[in-house]
Amino acid sequence: MKLLTAQFADLIRRAIEAAQTAGALPAFDIPEDIPVDLKDGGAQGDYAVPVALQLAKPARRAPRQVAEAIMQHLPTADFIGRAEIAGPGFLNFWLSPAWLAAQVDAILAEGAAAGAFDINAGKRAQVEFVSANPSGPITIAHTRGAVMGDTLANLLAATGYTVEREYYFNNAGRQMEIVGRSLRARYLEMLGEPFDFPEDGYRGQYFRWIAAGLVYEHGDALKDKDWPVFKDLAENIIFGHIRNSLRRIGIEFDNWFNENSLYESGAVDRLLEALREKDYAYDADGAVWFRMTAFGGEKDRVLVKSTGEPTYVTPDIMYHIDKLERGFDLAVNILGADHMDQYPAVAAGVRAMGYDPSPIHVIIHQAVTLVEGGATQRMSKRKGQFVTLDELVDEVGRDAVRYYILAYKPDAHINFDLELAKAQSEENPVYTIQYAHVRCMGVFRQAAEAGVTDAGADVSRLTGEREQSFLRKALELPQIIDFTIRQMEPHHLTTYALDLARLFHSTYETVRVLHGDTPPDLAKARLRFYKAAQVILARVLTLMGMTTPDRM
RNA sequence: GUGCCCAUAGCUCAGUGGAUAGAGCGUCUGGUUGCGGACCAGAAGGUCGGGGGUUCGAGUCCCUCUGGGCAUGCCA
């Protein structure tokens, strides 16, 4: 199925060409992208095209004259009901009521794939997100990337991509040593043994709980073990928690990519050798440096510290080269703003090695800060200041977590107030949306009891104002999906979902299946309308990763 | 200091260079012997942080100022 906006753009393009051929418009280059705006179906129509205004100059005609020339040469299309020129030269279109009503059957035919279109069929996409090292629980800061990544993956799949979700992690290095030392200290503390808590150690209660678990399971059998043993234990336990937490909001990964594998395979050594050969790497101050200034960077970066350990940049370059070698047409990488400076070095490294980084698409989202008693504070895993995903799910539930975090545009900061989230969890848009779905299911139950079916329904009877408004909005879904993935901003989906649900509830108020004086044949048509509505509502909820309740 | 992000209704936030800037919550007024009222209909509420510019047209793009956030590691 082709997007309606694209179909409108095609028609307009053909109209301009026809007008030029007929001499109604002079010759000029037709713009690559013809703007088609979605409207609310009021005085400005369902779809509005302001192209005549921008063509006035090249056509050397008044915009209204350009609009008239386009309109006169417009090919016919079954989906257009009415067209008119308005204001200074807007082309406004209303969809055909009969065509709109017939879309009920089209939606039902699509079923669970409703709103999908296949412009990316045959392509492979990868979305890398979360990628937190196993040094603590998933917090609401990670949750933002998690929900965005998972939702984008859903949307990419809806346009035909085969999608893989990947989690990249490091279980070696300095941070994990501190994890091991922190846990060992807590374990010894719990046993009443002398201990040294590391200076940069993880201070959250979390490590006490893990230590308590170790005491319960192993007694004092580990008291003479050094930090690597504790690091391994911590890693296993924490990754178990991370997987469980993410699973609670419906997120599963296809791949867990371990940074260590890049050392084991020799990839990191090969990178350093190759960069030296190309003179993009050099020694200074006992460290190995990457000549980023050769790629537009402000200063060079360290690849291998004077201690002999590579920095995170080095394996990260090989990781992204690995992604490119796996042949993804699109590799999305979701990063918090506090990590945004790391990508330019990676991109430069990828280019230095002769690869084209253009399939890699980095999405930056701003921070989630914690608000307590009106004061904001930065979350810190080290200091133990954070709200975990588990706490949040316990308080407000999976669906509210996903909806709220997703509803903010990536560029906006989130000031997260757990008290406020709890207080507002009773009455909020999440329920407005899910309740619409519940109401559909309620109708189906009642209809089944009353023996009403939609067999032989005549959908052409669905020309009422309310049903038509809902259907117009429902048919925007493919365009919303397209726009959302083009912008890589999944919050557009939440805005749409609420609009759709509100239109549903207005419709439901007056468009009744089983009561009032609804004649039997109209009841059949309306029942089928609600079946289509349920399909669309379920589809939107599923794309957002939310559940589709039958009852609430 | 430099780079990136933000500032829109009382609060939380949407808004693709298009026409009269929207929603949720809160406030106020109404609504059901009826498919579930977790709902609906309506009202009030705005110098889109200030100033300049670009153009047929700016909340949206550019410059600048103010106020916040993040980054600016041989941490990740």
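Lettering follows sequence order; numbering is per chain, from 1.
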Q | 5′-ward residue of the pair A:Lys299/A:Ala367 relative to RNA chain B | A | A:Ala367
(Q) Given the structure, check if the side chain of A:Tyr312 and the base of B:A76 hold any donor-acceptor pair shorter than 3.5 Å. (A) yes
Q) B:A19 base to A:Asp37 side chain: any donor-acceptor pair below 3.5 Å? A)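 No, no donor-acceptor pair under 3.5 Å.
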What does [X] touch in the nucleic acid at a heavy-atom separation under 4.0 angstrom: a base, only the sugar-phosphate, or nothing?
X: A:His492; result: sugar-phosphate
X: A:Ala337; result: sugar-phosphate
X: A:Thr510; result: nothing
X: A:Leu53; result: base
X: A:Ala48; result: base
X: A:Pro429; result: sugar-phosphate

Q: Specify whether A:Trp289 and A:Tyr282 have parallel, tilted or perpendicular ring planes, treating 30° as the upper limit for parallel and 60° as the lower limit for perpendicular.
A: parallel
Q) Do the rings of A:Phe93 and A:Phe8 sit parallel, tilted or perpendicular, given the 30° and 60° boundaries? A) tilted
Quick one: [atom1] on [X] to [atom2] on [Y], what's the gap to the nearest 0.5 Å?
X: A:Met340; Y: A:Gln366; atom1: CE; atom2: CD; value: 7.5 Å
X: A:Arg486; Y: A:Leu155; atom1: CZ; atom2: CG; value: 13.0 Å
X: A:Ser182; Y: A:Met176; atom1: OG; atom2: CE; value: 10.0 Å

Within the pair [X] and [N], is there a side-chain N or O less than 4.0 Å away from OP1 or OP2?
X: A:Ser135; N: B:A76; result: no
X: A:Arg502; N: B:C40; result: yes
X: A:Lys57; N: B:U55; result: no
X: A:His505; N: B:A38; result: no
X: A:Ser506; N: B:A41; result: yes
X: A:Arg439; N: B:G37; result: yes
X: A:Lys409; N: B:U12; result: no
X: A:Gln44; N: B:U20; result: no

With both distances kept under 3.5 Å, what pairs with [N], Watson-Crick or G-U wobble?
N: B:G3; result: B:C70
N: B:A41; result: B:U29
N: B:G59; result: none
N: B:C75; result: none

Q: Answer yes or no as to whether B:A19 has its base stacked against A:Phe90, where stacking requires a ring-centre separation under 5.5 angstrom and planes under 30 degrees apart.
A: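 Here the ring of A:Phe90 and the base of B:A19 are stacked, with centres under 5.5 Å and planes under 30°.
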Q: Using the aromatic ring of A:Tyr435 (for Trp, its six-membered ring), decide whether it stacks on the base of B:C39 within the limits of 5.5 Å and 30°.
A: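 Base of B:C39: not stacked against A:Tyr435.
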Q) Taking atom types as modelled, is there a side-chain donor on A:Tyr431 or A:Asp399 under 3.5 Å from an acceptor on the other? A) no
Q. Expressed in whole Å, how much space separates the C1' atoms belonging to B:C35 and B:C28?
A.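 Nearest-Å result for B:C35 against B:C28 at atom C1': 31 Å.
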